Amino acid sequence: MEVTLWVNGDRYRVDVEPRDSLADTLRDDLALTGTNLACEHGVCGSCTVLVDGQAVRSCLLLTVQCSGRSIRTVEGLATDGELHPLQAAFAAEHGLQCGFCTPGFLMLFAGALEHDPRLDHDERRLEETLASNLCRCTGYVNIRRAVLRAARELRGEASPGE
Amino acid sequence: MKPAPFAYQAARSVDEAVALLDEHGSAAKVLAGGQSLMLDLHYRRTRPALLVDVNGVEELVGHGVDDGHLVLGALVRHADLERPVVDDPVGALLAHVAPYVAHPPIRARGTFAGSLAWAHPAAEWCAVAVALDAEIGLHGPSGRRVVAAAEWFHGPHRTDRTAQELVTEVRLPLLGAGTGIGFAEHRRTHGSFAFAAAVAAVGVAEGRVAWARIAMANAGPVPVRATTAERALAGQSVASCDGAVSEAGAAAAREADPRPEPHGSVEYRRHVLAVLVRRSLRQALGSAAAQVTRPPAGRG
């Protein structure tokens with residue numbers, strides 16, 4: 001089936017099978033391999049992307065369902081070679097080690113912070129969002145710090161100690 | 001694994017979806033939120049010839065109040081219920097339970113009606129539906145029918161729906177002022193399936209329990225309504241019902257039909273269910289009491 005996708009602002013026409021997941025199309029047809037695939041059944045969150053601004057598991061969405069929709073992946077976060085505040089915060093706070101889960105976390109929180117710029121003031125929601133994705137290296141403490149730093153940065157507030 | 005090949009049709013209306021289901025029968029599967037179906041496709045536990053995508057069917061979007069019921073269209077997502085959708089205790093109950101359903105990205109896609117259609121024994125929404133005597137509305141080739149939640153669940157992943165029918169809405173009775181609500185769940189990690197859960201609604205009038213509704217998730221092959229426990233509470237004084245709450249928990253555990261799992265014997269599961277039923281009841285009694293308007297101060 002022919003499908004039109006908008007990915008990071010670019011228009012793509014792809015010929016896919018109905019069974020192809022959005023994650024597979026991004027990686028195999030569009031060569032956007034920043035979106036990682038691990039469990040392929042919605043548990044780990046490595047494949048999280050934004051569809052119409054909402055963080056979703058791209059392994060649990062068919063490409064044919066995304067016809068005409070606006071998709072954002074980790075490749076679209078940095079602009080003109082400058083890291084997105086979330087990416088800069090993950091680097092500054094050592095929010096990654098092996099890096100496999102990082103694109104998923106970045107897109108998860110890119111969506112969450114756009115939806116609620118004061119997410120860091122809603123403890124329950126913040127914890128719950130952190131728990132949405134799996135990281136097996138960092139133990140979440142640094143990821144949490146990175147999210148707090150990025151949230152402040154995105155609101156134009158100075159981080160403590162700067 | 002990747003799914004086995006299938007054909008895909010995006011329905012634009014309920015009639016169109018039903019026509020496709022009528023034509024293809026059990027070879028077709030309905031795709032709504034897809035958060036359970038997609039992983040079954042990946043595992044190849046299910047190999048439909050056709051997926052009927054209903055996400056573009058406007059008639060299934062949104063919620064409203066009709067004839068004393070909160071009506072949830074089949075495309076109401078879990079996330080839509082995180083804030084009360086109606087000014088009635090049923091809205092508060094749904095908002096109380098919603099955070100226990102998976103994670104935010106899953107809740108953004110998965111649907112309330114889809115959970116009832118999937119009929120997983122540990123699903124929170126299925127227990128809520130049974131506790132509240134929800135009604136499930138279906139459209140099929142011969143028209144519309146409504147099924148009571150008590151008749152809906154036939155077994156794990158088995159419901160009263162035929163392969164030719166589409167779930168179009170779920171109707172939840174409004175509970176009315178003075179109703180307390182409660183929900184308690186035990187699970188191994190945040191986002192895991194419920195090891196066990198209990199949902200309660202308690203109607204209070206003049207300081208006494210007028211009625212109670214209790215259901216349990218993962219307490220058997222289908223959600224279990226704890227009718228003996230409900231009767232044990234009716235008529236009790238709210239101020240002194242600790243004993244009745246304990247007895248209700250024990251009665252509910254006896255009514256449950258839990259199966260042994262690697263992490264829990266039948267005895268342990270019954271114990272946990274008794275604890276959860278008591279917790280949900282205490283919450284419900286507390287939230288009912290909080291609604292009682294205190295008489296205005298003054299005149300000594």
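So that the names make sense, note that chain A is the first sequence line, chain B the second, and so on, each numbered from 1. Keep in mind it's a predicted model, so treat the numbers as computed, not measured.
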Mutual orientation of the aromatic rings belonging to A/His41 and B/Tyr43 [parallel < 30°, tilted 30-60°, perpendicular > 60°]: tilted

Top contributor to chain B contacts, counting heavy-atom pairs under 4.5 Å, from A/Arg124, A/Glu127, A/Gln65: A/Gln65

A/Gln54, part contacting chain B, at a heavy-atom distance under 4.5 Å: side chain

Side chain / backbone / both / neither for A/Leu61 at chain B, heavy atoms under 4.5 Å: both

Parallel, tilted or perpendicular: rings of B/Phe193 and B/His120 (30°, 60°): parallel

Pairwise side-chain contact, A/Met1 with B/Tyr8, heavy-atom cut-off 4.5 Å (strictly under): yes

B/Arg269 charged N/C atom sitting above B/Phe195 aromatic ring, 6.0 Å / 45°: yes

Ring geometry between A/Phe105 and A/Phe109 (parallel below 30°, tilted from 30 to 60°, perpendicular above 60°): parallel

Between B/Leu31, B/Asn55, B/Asp40, B/Leu37, the one whose heavy-atom pairs under 4.5 Å with chain A are most numerous: B/Leu31

A/Leu130 versus chain B, the contacting section by heavy-atom distance below 4.5 Å: neither

Rounded distance (nearest 0.5 Å) linking atom CG of B/Asn218 with atom CD of B/Glu124: 9.5 Å

Residue part contacting chain A, namely of B/Ala4, when any heavy atom lies under 4.5 Å: backbone

Residue part contacting chain B, namely of A/Asp24, when any heavy atom lies under 4.5 Å: side chain

Top of B/Ser36, B/Pro5, B/Gly56 for chain A proximity - count of heavy-atom pairs under 4.5 angstrom: B/Pro5

